[in-house]
Amino acid sequence: MLRRILTDAAADAVPECLARGLAEEYGLTSTELYLVDYRLAALVPIFGDHPRTHPGDPAWRCFDHQSPVNEDSVMFLPVSVRGERIGVLACSPAPESAELTAELAEIAVAVAHELEAASAGTDRYQATARTRRLTLAAEMQWELLPARSRIRPSFGLAGQLEPSYAVRGDSFDWADQDGRVSLSVLNGMGEGVSASLLTTLATFALRNARRAGIPLADQAALADQAVYAEHRGSAHVSALLLDLDLTTGEVLAVDAGSPRLLVLRGDKVHEQKLTKDFPLGMFEETDYQVQSFGLAPGDRLMLVSDGVYDAVTATGRYGDAALARFVRRTRSMAPLQAVRSLLGDLRAFVGDAELEDDAVAVCLDYSGPEPDQPRPKLD
């Protein structure tokens with residue numbers, strides 16, 4: 001019955017219909033829905049009956065660990081779909097049985113699906129999730145993203161942009177299909193909307209080529225031609241394109257002026273060196289080369305733009321050594337926690353200063369082939 005109430009709800013009325021349904025079917029006297037903000041720094045209540053919550057609060061423990069938290073007669077449940085963390089559902093009084101808790105947890109997942117579907121028809125949820133106004137360039141970049149995170153049996157993936165409310169040219173894109181994960185990290189040159197427009201053009205050119213089934217090098221070539229045709233070499237986009245085979249762990253790569261690509265294997269971090277080609281759109285025609293390397297189950301890839309390792313304050317540069325140390329510290333973290341913590345460490349490094357350049361961090365965990373597929377032999 002409650003699922004039918006949610007699916008029949010108007011796009012902007014899902015929270016109210018949820019609260020009414022929970023009261024009628026489960027006798028809950030209070031319901032609050034928290035949405036995570038763009039910076040991954042606050043959970044914002046959609047009804048406003050409760051204050052924002054921050055790391056360390058019960059709602060955040062639920063969000064971080066993706067499991068129910070019962071505190072002071074309130075049950076906090078993760079609102080997530082396929083690893084995309086949307087927020088937290090808070091219900092009181094808390095259920096007294098494990099069976100009822102599990103039932104409410106399933107409802108929270110259904111709510112995540114409904115919010116994801118409803119967001120295309122209303123601005124309510126995007127507006128609520130903002131603790132301040134986005135710049136126009138940031139609005140464009142966030143709308144460009146496919147999702148911030150995804151968790152599947154064979155891989156985990158998450159990305160984050162900083163400064164979240166004023167990001168310009170840095171972005172990422174990904175898709176998983178037919179046992180492969182395609183991932184790109186892009187940085188359009190320039191400032192403000194011009195940088196965002198560049199990145200948008202390159203992203204859609206890459207998507208268009210990828211969805212046509214075109215090989216990786218040709219995807220880069222077609223995006224290169226699209227950017228050059230528009231700007232005649234006066235503007236370009238740095239990009240790293242990866243294609244991971246989830247059965248074998250083989251990664252195909254095209255490096256068109258990439259960010260750092262770090263591999264965490266066990267407790268050791270090393271930089272995956274690639275031969276760089278020219279950025280997209282720099283010249284009329286560039287012959288892009290596909291390179292390859294292998295991942296073993298349990299490996300973590302961290303892709304980090306120059307806005308992180310080249311960040312500078314009066315005391316010095318963030319640098320590669322600090323970056324490697326922090327990547328090593330993320331071993332026990334889920335991908336979304338890893339990128340959030342890394343960019344949080346960057347913000348702590350720069351203090352009150354503004355970042356001079358955009359920063360993007362993407363974390364990709366490779367778990368190995370799906371359970372029903374044969375596991376490859378490792379060398």
Side-chain angles (χ1 to χ4, degrees), residues 83 145-162 170-177 179-187 206 210 216 219-220 238-276 290-309 320 322-343 345-346 359-370 376 378-379:
L145 298 183
R148 187 148 45 183
S149 62
R150 183 68 84 236
I151 301 294
R152 306 307 298 157
S154 54
F155 74 95
L157 174 65
Q160 178 64 6
L161 308 177
E162 187 65 29
D170 280 19
S171 187
F172 60 89
D173 192 34
W174 61 266
D176 68 290
Q177 184 174 335
R180 308 188 74 88
V181 175
S182 299
L183 172 63
S184 58
V185 177
L186 305 99
N187 180 9
L206 288 169
R210 185 184 72 219
L216 196 64
Q219 292 176 30
S238 298
L240 174 63
L241 314 183
L242 302 179
D243 186 274
L244 168 63
D245 186 322
L246 294 171
T247 299
T248 66
E250 181 187 31
V251 181
L252 304 180
V254 171
D255 188 339
S258 75
R260 288 281 194 277
L261 178 58
L262 303 178
V263 179
L264 175 60
R265 177 170 293 176
D267 61 353
K268 297 185 182 300
V269 178
H270 72 272
E271 183 177 355
Q272 181 64 51
K273 297 286 189 179
L274 297 171
T275 301
K276 291 181 176 5
V290 174
Q291 305 165 68
S292 67
F293 59 93
L295 293 180
D299 281 355
R300 164 166 288 180
L301 283 184
M302 190 74 80
L303 293 78
V304 181
S305 70
D306 57 1
V308 178
Y309 54 82
D320 296 333
L323 176 59
R325 283 196 302 271
F326 200 89
V327 169
R328 190 177 300 111
R329 286 166 51 189
T330 71
R331 165 53 70 192
S332 63
M333 301 178 187
L336 189 65
Q337 291 172 298
V339 296
R340 187 182 80 203
S341 298
L342 174 59
L343 294 180
D345 190 63
L346 176 65
V360 61
V362 177
C363 178
L364 172 63
D365 286 349
Y366 175 56
S367 305
E370 298 287 350
L378 297 178
D379 295 332

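Residues: numbered from 1 along the sequence shown.
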Set of residues satisfying side-chain contact (heavy atoms from CB on, under 4.5 Å) with respect to [X], sequence neighbours excluded:
X    : value
L216 : Q219, L241, D243, L252, V254, V290
D306 : N187, Y309, D310, D357
R329 : F326
A324 : V269

Which residues pass the salt bridge (Lys or Arg N to Asp or Glu O under 4.0 Å) test with [X], sequence neighbours left out?
X    : result
D173 : R207, R210
D345 : none
R148 : none
E271 : R260, K273

Can you find a pair of side-chain heavy atoms, one from [X] and one from [Y], that are under 4.5 Å apart?
X    : Y    : result
V251 : D245 : no
C363 : Q337 : no
L186 : L206 : yes
L303 : L240 : yes
L244 : Y366 : yes

Nearest-0.5 Å distance that lies between atom [atom1] in [X] and atom [atom2] in [Y]:
X    : Y    : atom1 : atom2 : answer
W174 : L364 : CH2   : CG    : 10.5 Å
R328 : T330 : CZ    : OG1   : 10.0 Å
L262 : H270 : CG    : NE2   : 9.0 Å

Counterpart residues, side-chain hydrogen bond (donor to acceptor under 3.5 Å, both in side chains), relative to [X] (two or more places apart):
X    : answer
R150 : none
S341 : none
D299 : R265
S184 : none

Exercise. If every non-hydrogen atom of S171 is compared with every non-hydrogen atom of L145, which pair is closest and at what distance?
Worked result: OG-CD2, 3.4 Å
Problem set entry | Residue pair S367 / P297: nearest heavy atoms and the distance that separates them | O-CB, 3.6 Å
For this session: Say whether, by atom type as modelled, one donor and one acceptor occur between the side chain of S305 and the main chain of V360 under 3.5 angstrom.
Result: yes
Exercise. Would a distance-only check, ignoring hydrogens and angles, find a side-chain to backbone donor-acceptor pair under 3.5 Å from S149 to G83?
Worked result: yes
For this session: Run through L183, L157, V181 and flag the one making a side-chain contact (heavy atoms from CB on, under 4.5 Å) with D176.
Result: V181
